[in-house]
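Heads up, the thing below is written out as structure tokens.
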Amino acid sequence: MAAPVTSRTVTLEINGEQVELEVPVRRLLVHFIRDDLGLTGTHIGCDTGNCGACTVHVDGEAVKSCMMLAVQADGAKISTVEGLAADGELTALQRSFNEHHALQCGYCTPGMLMSATALLARNPHPLEEDVRVAIQGNICRCTGYVNIVEAVVAVGGNA
Amino acid sequence: MLLREVEYARPATIEEAISVLAAYEGARPLAGGQTLVNVMKARAAAPDVLVDLADLDELRTIGFSAEGMLEIGAMVTYAQLMGSSEVDVARAILAEVAATIGDVQVRNRGTVGGNVCVSDPTNHLPVLLAALDATFTIRGQRGERSVSADEFFLGVYMTAVGEGELLTKVNVPPSAGAGDGFAGLTIGVHGTYVVNAAATVFGDMARVAIGCVAASPVRATTMEERLAGGDYSDDTVRAAAEGLGASLDPPSDVHGSGEYRRHLAEVSAVRAVLQAAARRK
Ligand SMILES: Cc1cc2nc3c(=O)[nH]c(=O)nc-3n(C[C@H](O)[C@H](O)[C@H](O)COP(=O)(O)OP(=O)(O)OC[C@H]3O[C@@H](n4cnc5c(N)ncnc54)[C@H](O)[C@@H]3O)c2cc1C
Ligand code: FES
Ligand code: FES
């Protein structure tokens with residue numbers, strides 16, 4: 001029987017890099033990413049699972065990293081907003097956010113980009129309705145969403 | 001947010017999970033974490049040991065029993081329900097309702113087992129599974145048992161799953177020509193329900209369950225009796241729902257008064273039955 005532990009060594013891949021680190025069980029994945037790995041692109045908005053600012057990909061799926069323990073991600077492949085332009089070149093989605101003025105304060109942007117990136121991987125040519133469903137878990141207090149939706153739709157060519 | 005210190009085990013088999021749950025007081029299963037991690041932040045729950053079910057592949061499958069029951073593993077996510085051809089063939093309403101729970105991120109992590117074990121009266125699945133006449137398979141050190149929805153949902157956060165036990169699967173009868181409906185009022189498009197109702201109509205029989213009006217789903221038995229006979233015209237269904245609201249004692253909160261919920265219960269029940277009747281094959 002696997003005896004319970006209060007800390008555990010997690011081995012995972014983040015933005016293509018292998019990481020191995022011992023973490024306390026109570027450490028949230030978002031704190032692991034921001035504080036232990038120094039990847040502060042992933043934001044904490046509400047810390048209650050409602051705003052989506054902390055959205056990252058775990059094994060290719062968008063999840064809110066404030067509702068996951070770091071130990072749950074043991075063995076997973078994670079990508080964060082830093083992984084999008086890892087080679088220094090903005091993705092089509094990031095360029096589109098720029099062109100469509102899809103951000104103001106930028107607080108929600110990392111989460112929006114990760115949710116939209118997951119959508120585009122599944123559905124490269126989304127309609128407005130698809131985009132609205134995909135970012136339903138992401139709150140933006142500035143833009144009113146219109147430009148964000150336009151930016152994502154434009155990437156798929158349905159603008 | 002900083003959580004209270006907690007221990008963690010990630011068993012590789014169901015047997016091992018059950019023995020850890022039984023061996024440690026204050027041990028609790030961790031499924032998708034979409035409720036549990038939040039209630040731990042709020043210190044509304046303070047488990048001492050989290051038993052992560054993530055590696056129990058057996059709990060992630062959707063299949064059919066020898067008798068043709070649709071068997072949904074407790075760790076099946078909402079996203080998995082939405083993409084399952086078995087669910088689509090046997091009971092498509094499950095996928096349809098799962099697609100309206102929370103948001104994409106919650107649907108990627110949240111599980112069927114977690115949804116019913118939380119037994120939050122506003123959750124989508126308890127009321128639906130009560131209407132579909134689902135049964136729940138629970139495993140513990142003394143073996144396995146199956147209970148009905150009426151026996152499963154005991155109250156908020158309280159189910160028939162006892163200490164040291166695990167819900168392993170939810171069994172749903174295939175529709176076999178029955179029609180299913182789901183209706184209610186949400187806060188926002190895909191938000192939490194203020195009141196919801198689920199119905200299934202097969203031949204001249206109907207099952208109707210109402211959610212958000214009590215600690216667990218309430219069967220609208222009088223309405224069901226009045227509908228026996230197989231007339232599902234608008235007028236008959238409306239007449240059958242009369243008095244349903246008055247038979248309930250729903251809570252009042254910021255989203256609606258008890259009185260308003262009584263009204264919504266009747267409206268939701270009528271809509272769910274009409275939808276179910278229209279979908280019969
Ligand atoms: C922003 C947001 C919006 C949401 N909106 C909705 C909504 O509209 N409708 C809705 O229905 N839900 C909603 N939820 C809740 C969500 O569906 C949760 O996923 C669900 O309530 C719990 O499932 P989980 O897999 O995350 O379970 P967890 O949070 O991991 O566990 C919940 C509880 O169930 C127990 N448990 C889990 N699995 C088992 C098992 N196999 N055997 C025994 N006990 C078990 C755990 O010990 C724990 O006590 C929302 C959540 C969030 C964060
Ligand atoms: S910080 Fe995770 S959802 Fe708001
Ligand atoms: S740009 Fe400010 S919250 Fe979205």
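Values below: every heavy atom of this structure, side chains too, minus hydrogens, waters and symmetry copies. Just so it is clear: chains get the letters A, B, ... in the order the sequence lines come, proteins before strands, and each one is counted from 1.
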ring-ring contact (aromatic ring centres under 6.0 Å, His included) contacts touching residues 15-35 of chain A (sequence neighbours left out):
none
Can you run down the ring-ring contact (aromatic ring centres under 6.0 Å, His included) pairs that involve residues 68-95 of chain A, sequence neighbours left out, and say none if there aren't any?
none
Verify the neighbour count for atom [atom1] of [X]: are there more than 12 heavy atoms of other residues, nucleotides or ligands below 6.0 Å?
| X | atom1 | result |
| --- | --- | --- |
| Glu25(B) | CD | no |
| Arg141(A) | CZ | no |
| Glu144(B) | CD | yes |
| Arg271(B) | CZ | no |
| Glu163(B) | CD | no |

Selection from Val63(A), Asp47(A), Thr6(A) maximising heavy-atom pairs under 4.5 Å formed with chain B:
Asp47(A)
For [X], is it the side chain, the backbone, both or neither that has a heavy atom under 4.5 Å from a heavy atom of chain A?
| X | answer |
| --- | --- |
| Val106(B) | side chain |
| Arg4(B) | backbone |
| Leu30(B) | side chain |
| Val49(B) | side chain |
| Asn38(B) | side chain |

If we define contacts as heavy-atom pairs under 4.5 Å, which of Leu50(B), Leu36(B), Val104(B) has the most with chain A?
Val104(B)
For Asp74(A), is it the side chain, the backbone, both or neither that has a heavy atom under 4.5 Å from a heavy atom of chain B?
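It is both, since atoms from each part get that close.
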Please look at Thr55(A) and chain B and tell me whether the side chain, the backbone, both or neither of the residue comes under 4.5 angstrom of a heavy atom of that chain.
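Interface part for Thr55(A): side chain.
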N/O donor-acceptor pair under 3.5 Å between Lys41(B) side chain and Met67(A) backbone:
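Not a single qualifying donor-acceptor pair exists.
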Could you check whether any side-chain N or O of Asn108(B) sits under 3.5 Å from a backbone N or O of Ala62(A), counting only pairs where one atom can act as donor and the other as acceptor?
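Checked: pair present.
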[X] [atom1] to [Y] [atom2] distance, which is reported to the nearest 0.5 Å:
| X | Y | atom1 | atom2 | value |
| --- | --- | --- | --- | --- |
| Leu28(A) | Met40(B) | CG | CE | 9.0 Å |
| Glu61(A) | Gln105(B) | CD | CD | 11.0 Å |
| Tyr8(B) | Leu69(A) | OH | CG | 7.0 Å |
| Leu2(B) | Arg26(A) | CG | CZ | 4.5 Å |

Partners passing ring-ring contact (aromatic ring centres under 6.0 Å, His included) against His255(B) (at least two apart in sequence or in another chain):
none
For the pair Gln72(A) and Asp52(B), evaluate side-chain contact (heavy atoms from CB on, under 4.5 Å) and give the outcome as yes or no after the intermediate values.
CA-CA 8 Å; Gln72(A) 286 180 278; Asp52(B) 192 347; 3.5 Å; yes
Closest heavy-atom contact between Lys64(A) and Asp103(B)?
NZ-OD2, 2.6 Å
Between Ala9(B) and Pro4(A), what is the shortest heavy-atom contact and its length?
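Here Ala9(B) and Pro4(A) meet closest at CB-CA, 4.2 Å.
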Sort by residue number and list every residue of residues 109-135 of chain A having at least one heavy atom under 4.5 Å from chain B.
Ser115(A), Val133(A), Ala134(A)
